Amino acid sequence: MTRLATPEDMRAYGARLAARLRPGDLLVLSGPLGAGKTTLVQGIAEGLKVRGPITSPTFVIARVHPSLRQGPPLVHVDAYRLGGDLEVDDLDLDASLEDSVTVVEWGEGLVEGLAEDRLEIHIDREAGDEARIVTLRGVGSRWSDGWSDTPSDPPEE
Ligand SMILES: Nc1ncnc2c1ncn2[C@@H]1O[C@H](COP(=O)(O)OP(=O)(O)OP(=O)(O)O)[C@@H](O)[C@H]1O
Ligand SMILES: [Mg+2]
């Protein structure tokens, strides 16, 4: 569990997390409206050094953000308007998920078909101030090492 007091802290956290990510990774973000999911994705994008901007898509469900270096692209999916199961084909991406880092907002219950291994990231608001609480839960062997809410996450290098 990590407490992040400001949007800048949330982006910095995302950038730290990005340093530990690799191609094929799937991150599932949950949390109420305005929790800070897109803000976290902005930080991940900064850390991965991909082309921005990261916005909240209105009509587009998924966007591919190519790397500005030699790294993996970031696939940003906002499943808010999707019903039912999410199929890779539905996304109509010109990037393969094995080669990308994929982050899905509102993906709970939808993405289980995309990859067995996933990092679930829950963001909650703290009553009374702007702080957010981030909780990580890794599912599958990819995330077996320390990717849970013990004692500092993301795990240090
Ligand atoms: N500690 C914080 N961490 C992240 N965002 C914060 C924080 N404090 C305030 N905010 C603000 O909260 C808002 C979060 O919006 P954001 O679009 O990231 O949330 P979201 O979870 O993606 O929303 P949606 O459910 O609509 O997709 C932003 O305006 C951001 O600046
Ligand atoms: Mg959002």
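Nothing fancy with the numbering, it's 1 onward along the sequence. Since we're looking at a predicted model, the values are computed, not measured. Any value given below was found using the heavy atoms of this structure, including those in side chains, with hydrogens, waters and symmetry copies removed. Order of listing sets the numbers, starting from 1, for every ligand and every atom in it.
- Contacts between Leu29 and ligand 1, counted as non-hydrogen atom pairs separated by less than 4.0 Å, are absent for every part of the residue.
- Side-chain polar atoms of Thr55 and Arg63 form a donor-acceptor pair below 3.5 angstrom.
- Ligand-side atoms of ligand 1 in range of Leu4: 1 (N), range being under 4.0 angstrom from any heavy atom.
- Note on Arg3 versus Asp129: salt bridge recorded, some NZ/NE/NH1/NH2 to OD/OE distance being below 4.0 Å.
- When the N, O or S atoms of Glu105 are ranked by distance to the Mg ion (ligand 2), OE1 comes first.
- Interface of Ala5 with ligand 1, defined as ligand atoms under 4.0 Å from a residue heavy atom, comprises 1 (N).
- The one candidate from Leu136, Thr102, Ile121, Leu40 that meets the side chain to side chain contact (heavy atoms under 4.5 Å, CB included) condition with Leu27 is Ile121.
- At the shortest separation from atom 19 (O) of ligand 1 among protein heavy atoms lies Gly36 N, 3.0 Å.
- Residues Ile54 and Gln42 come closest through the heavy atom pair O-NE2, 3.1 Å.
- Taking 4.0 Å as the cut-off, Gly31 does not count as a neighbour of ligand 1 on heavy-atom distance.
- Scanning the protein for heavy atoms near atom 26 (O) of ligand 1, the closest one is Leu33 CD2, 3.6 Å.
- Ligand 1 has Thr6 within reach: a non-hydrogen atom of the residue lies less than 4.0 Å from it.
- Side-chain atoms of Lys37 come within 3.5 Å of backbone atoms of Gly31 as a donor-acceptor pair (strictly under, hydrogens ignored).
- Listed here is the closest heavy atom pair of Ile123 and Ala35: CG2-O, 3.5 Å.
- If you look at Thr38 next to ligand 1, the close heavy atoms, those under 4.0 Å, come from the backbone and the side chain alike.
- Taking the charged nitrogens against the carboxylate oxygens, Asp124 and Arg132 have no contact shorter than 4.0 Å, which rules out a salt bridge.
- With atom 27 (O) of ligand 1 as the reference point, the heavy atom nearest to it among Glu105, Met10, Glu8, Glu130 is part of Glu105.
- What sits closest to atom 18 (O) of ligand 1 on the protein, heavy atoms only, is Thr39 OG1, 2.6 Å.
- Given atom 12 (O) of ligand 1, the protein heavy atom at minimum distance is Arg132 NH2, 3.1 Å.
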Exercise for the section: For Ser30 and His122, run side chain to side chain donor-acceptor pair (under 3.5 Å): C-alpha distance rounded to whole Å, both residues' side-chain angles, the deciding distance at 0.1 Å, then the answer. Expected result: CA-CA 5 Å; Ser30 62; His122 186 76; 2.8 Å; yes

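- Using a cut-off of 2.8 Å, one finds that Thr39 contributes no N/O/S atom close to the Mg ion (ligand 2).
- Using a 4.0 Å threshold on non-hydrogen atoms, atom 22 (O) of ligand 1 counts as touching the protein.
- Closest to atom 13 (C) of ligand 1 by heavy atom, among Gly34, Ala131, Ala35, is Gly34.
- The distance from atom CD of Glu46 to atom CG of Leu74, rounded to the nearest 0.5 Å, is 11.5 Å.
- Heavy atoms only, all atoms of each residue included: Leu119 and Leu17 are closest at CD2-CD1, 4.3 Å.
- Atom 31 (O) of ligand 1 has Pro7 CG, 3.3 Å as its closest protein atom, hydrogens excluded (heavy atom only).
- Listed by atom number, the atoms of ligand 1 under 4.0 Å from Trp106 heavy atoms are 25 (O), 27 (O).
- The nearest heavy-atom contact from the protein to atom 20 (P) of ligand 1 is Lys37 N, 3.4 Å.
- Nearest heavy atoms, Pro73 versus Pro66: CB-CA, 4.1 Å.
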